Engineer: 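Questions regarding the structure given below will be posed in turn.
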Number of protein chains: 2
Amino acid sequence: MMKTYSISEVAKELNLTVYTLRYYDKEGLMPFVERTASGTRLFKQSDIDALKVIECLKSTGMPIKEIKSFIDWCSDGDSTLQQRYDMFIERKACVNAQMEELKKTMEVIEHKCLYYKTALEAGTEDIHKKNKIEIPITE
Amino acid sequence: MMKTYSISEVAKELNLTVYTLRYYDKEGLMPFVERTASGTRLFKQSDIDALKVIECLKSTGMPIKEIKSFIDWCSDGDSTLQQRYDMFIERKACVNAQMEELKKTMEVIEHKCLYYKTALEAGTEDIHKKNKIEIPITE
DNA sequence: ATAATCCCTATAGTTAACTCTAGGTCAAGT
DNA sequence: ACTTGACCTAGAGTTAACTATAGGGATTAT
């Protein structure tokens, strides 16, 4: 007999709540998970692996409805290999774009860190104000 | 007289809608924007710059309520320099964590690209099934 | 055998971040 | 004077992704 896991075990492993897993199932992301006669879900290791791929797609910002299309394609077999390949290529481009975006964000954040470090040391933000015309006439 | 911009000009420049800008204002993110006697918003260049920082914070995943705290601190002056510095340091750590996360995501995505490339070339996903015990007895 | 603890469904509620509508003001052009 | 188009507010509606509740069934520990 193949080892199976309960919904709460899977939730713990994937850092999700039981609610979330049942919600995913309702949305059609887990058509592969089998049940006991009385309806309790039995997760196989391969189901957990599939959920990890779902989590990966989610972390690229893909909405659940699109992830469902992918799951449907998986159920449809080899005739959808091209769609699935195209989808991952597109995801790759999307993640690359996000990385670029994050780099730009990081530059601004780091600039602000320096800005506030300097201001803190001076005790005032005025240090950054362009008051450079401030040449006293006397002295 | 200093040049000012209308809400729709600013929206176009920042790739936001006027709805969104008014929403931000309602949420307290733009207390610095001045108005004409009849209530029309007049954006200065410095206001646009501030909005770019807000967009930057948003892109780190910071919720609007927290961004509002930052804006409030800015209005409070030098007494809040430490909070603001701490906030940017924390944002930096957060962006770093996101970058790490994205890298891991990218690895999985790239692995899947290869997986589907191979499957496409073979015309079937079966190529990846571990049927390696498949040694015919005869021949 | 019975209480505790898991599991289930269906459905309602929540939250964030918009997005839109209705009804009105105001300034510029014809 | 009047139409056009940009501006305004208040408030309702939307969407995604959960999150929680109510009511009930099954399994395990005492």
Side-chain angles (χ1 to χ4, degrees), chain A residues 1 3-44 47-48 51-71 94 98 101 105, chain B residues 1 3-44 47-48 51-71 94 98 101 105:
Chain A
M1 271 293 148
K3 170 137 205 232
T4 60
Y5 304 86
S6 73
I7 194 166
S8 57
E9 285 171 326
V10 175
K12 184 178 268 183
E13 161 111 11
L14 300 178
N15 257 304
L16 296 170
T17 68
V18 174
Y19 298 142
T20 303
L21 283 172
R22 288 204 269 251
Y23 165 68
Y24 286 178
D25 198 4
K26 208 182 334 190
E27 292 300 306
L29 301 190
M30 293 150 51
F32 41 75
V33 175
E34 292 180 17
R35 308 276 192 128
T36 64
S38 59
T40 299
R41 276 168 273 246
L42 295 175
F43 292 79
K44 301 182 291 296
D47 298 343
I48 296 176
L51 279 164
K52 283 180 183 168
V53 174
I54 288 171
E55 284 307 284
C56 170
L57 289 173
K58 246 200 350 166
S59 75
T60 73
M62 197 176 199
I64 278 169
K65 279 185 185 166
E66 278 177 47
I67 299 177
K68 184 191 169 355
S69 304
F70 167 67
I71 297 294
C94 172
Q98 287 177 42
E101 185 67 28
T105 298
Chain B
M1 271 295 146
K3 170 135 203 236
T4 61
Y5 303 86
S6 73
I7 195 168
S8 57
E9 285 171 326
V10 175
K12 185 179 266 183
E13 161 111 10
L14 300 178
N15 258 305
L16 297 170
T17 68
V18 287
Y19 298 141
T20 303
L21 283 173
R22 288 204 270 253
Y23 165 67
Y24 286 177
D25 198 5
K26 209 180 331 188
E27 293 299 307
L29 302 192
M30 294 151 48
F32 40 75
V33 175
E34 292 180 16
R35 308 274 193 132
T36 63
S38 59
T40 298
R41 276 169 273 248
L42 294 175
F43 293 80
K44 303 182 290 297
D47 297 343
I48 297 177
L51 278 164
K52 283 179 183 168
V53 174
I54 287 172
E55 285 307 285
C56 170
L57 289 173
K58 248 202 347 168
S59 74
T60 73
M62 198 176 199
I64 279 170
K65 279 184 186 167
E66 279 177 45
I67 299 176
K68 184 191 169 358
S69 304
F70 167 66
I71 297 294
C94 172
Q98 286 176 43
E101 185 67 28
T105 298

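Only a predicted model underlies this, so the values are computations on that prediction, with no experimental measurement involved. Proteins come first, then strands; the chains are lettered A, B, ... in the order of their sequence lines, and each starts at number 1.
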Engineer: Report the residue (B/Met62 or B/Tyr19) whose heavy-atom-nearest nucleotide on DNA chain C is the more 5′ of the two.
Structural biologist: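 Result of the comparison: B/Met62.
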
Engineer: Distance criterion of 3.5 Å, no angle test: do you see the side chain of A/Lys65 paired donor-to-acceptor with the base of D/dT15?
Structural biologist: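 In this structure, the two groups form no donor-acceptor pair.
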
Engineer: When the distance from CG of B/Leu14 to P of C/dC18 is rounded to whole Å, what number comes out?
Structural biologist: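 Distance check: B/Leu14 CG to C/dC18 P gives 13 Å.
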
Engineer: What is the distance from CG of A/Asp25 to P of C/dT11, rounded to the nearest Å?
Structural biologist: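 After rounding, the gap between these two atoms is 17 Å.
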
Engineer: Between C/dT21 atom C1' and B/Tyr23 atom OH, what is the distance in whole Å?
Structural biologist: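 That distance rounds to 18 Å.
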
Engineer: For A/Glu34, look at atom CD and say whether over 12 heavy atoms of other residues, nucleotides or ligands are found less than 6.0 Å away.
Structural biologist: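 It does not: A/Glu34 CD has 12 such atoms or fewer within range.
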
Engineer: Looking only at side-chain N and O atoms, does B/Lys58 come under 4.0 Å of OP1 or OP2 in C/dC18?
Structural biologist: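 Checking C/dC18 against B/Lys58, a side-chain N or O does come within under 4.0 Å of OP1 or OP2.
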
Engineer: Can you spot which of B/Ile54, B/Leu57, B/Leu29 makes a side chain to side chain contact (heavy atoms under 4.5 Å, CB included) with B/Ile64?
Structural biologist: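 Single pass found, and it is B/Leu29.
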
Engineer: For the side chain of B/Ser6, starting at C-beta, report the closest nucleotide among D/dA26, D/dC7, C/dT9.
Structural biologist: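 Comparing D/dA26, D/dC7, C/dT9 against the side chain of B/Ser6, the answer is D/dC7.
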
Engineer: Expressed as a whole number of angstroms, how long is the span from A/Glu27:CD to D/dA17:P?
Structural biologist: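 Computing the A/Glu27:CD to D/dA17:P distance gives 9 Å.
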
Engineer: So, OP1 or OP2 of D/dT9: does either fall under 4.0 Å of a side-chain N or O from B/Arg35?
Structural biologist: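 Answer yes for this pair, as a side-chain N or O of B/Arg35 is under 4.0 Å from OP1 or OP2.
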
Engineer: Please report the distance, rounded to the nearest Å, between CZ in A/Phe43 and P in C/dC8.
Structural biologist: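 To the nearest whole Å, that distance equals 7 Å.
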
Engineer: Verify the contact: side-chain N or O of B/Arg22 to OP1 or OP2 of D/dC8, cut-off strictly under 4.0 Å; return yes or no.
Structural biologist: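 For D/dC8, OP1 or OP2 has a side-chain N or O of B/Arg22 closer than 4.0 Å.
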
Engineer: Considering heavy-atom distances to DNA chain D, does B/Ile7 or A/Ile64 have its closest nucleotide positioned more toward the 5' end?
Structural biologist: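 This one resolves to B/Ile7.
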
Engineer: Looking at B/Asp47 and B/Lys44, is there a salt bridge between them, counting it only when a charged N and a carboxylate O are closer than 4.0 Å?
Structural biologist: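 Yes.
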
Engineer: It should be established whether B/Tyr24 places a side-chain nitrogen or oxygen under 4.0 Å from OP1 or OP2 of nucleotide C/dC18.
Structural biologist: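 For B/Tyr24, the contact criterion (side-chain N or O under 4.0 Å from OP1 or OP2 of C/dC18) is met.
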
Engineer: To the nearest Å, give me how far apart CG (B/Leu42) and C1' (D/dA6) are.
Structural biologist: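 It works out to 13 Å between those atoms.
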
Engineer: Of the candidate nucleotides C/dA27, D/dC7, C/dT9, which contains the atom at the shortest distance from the side chain of B/Ser8?
Structural biologist: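 So the side chain of B/Ser8 is nearest to D/dC7.
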
Engineer: Can you check the A/Leu21 CG to D/dC18 C1' distance for me, whole Å?
Structural biologist: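 That distance rounds to 12 Å.
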
Engineer: To the nearest angstrom, how far is A/Leu16 atom CG from D/dC18 atom P?
Structural biologist: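 The distance from CG of A/Leu16 to P of D/dC18 comes to 8 Å, rounded to the nearest Å.
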
Engineer: Any carboxylate oxygen within less than 4.0 angstrom of a Lys/Arg side-chain nitrogen, looking at A/Glu55 and A/Lys58?
Structural biologist: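 Yes, charged N to carboxylate O under 4.0 Å.
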
Engineer: Are any of B/Thr40's side-chain N or O atoms less than 4.0 Å away from OP1 or OP2 of D/dA6?
Structural biologist: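 Negative; the distance criterion is not met.
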
Engineer: If I take atom CG from residue A/Leu14 and atom CG from residue A/Leu21, how far apart are they, to the nearest 0.5 angstrom?
Structural biologist: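 A/Leu14 CG to A/Leu21 CG: 6.5 Å, rounded to 0.5 Å.
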
Engineer: So, does B/Arg41 get its side chain near the phosphate of D/dC7, meaning an N or O under 4.0 Å from OP1 or OP2?
Structural biologist: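 Answer no for this pair, as no side-chain N or O of B/Arg41 is under 4.0 Å from OP1 or OP2.
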
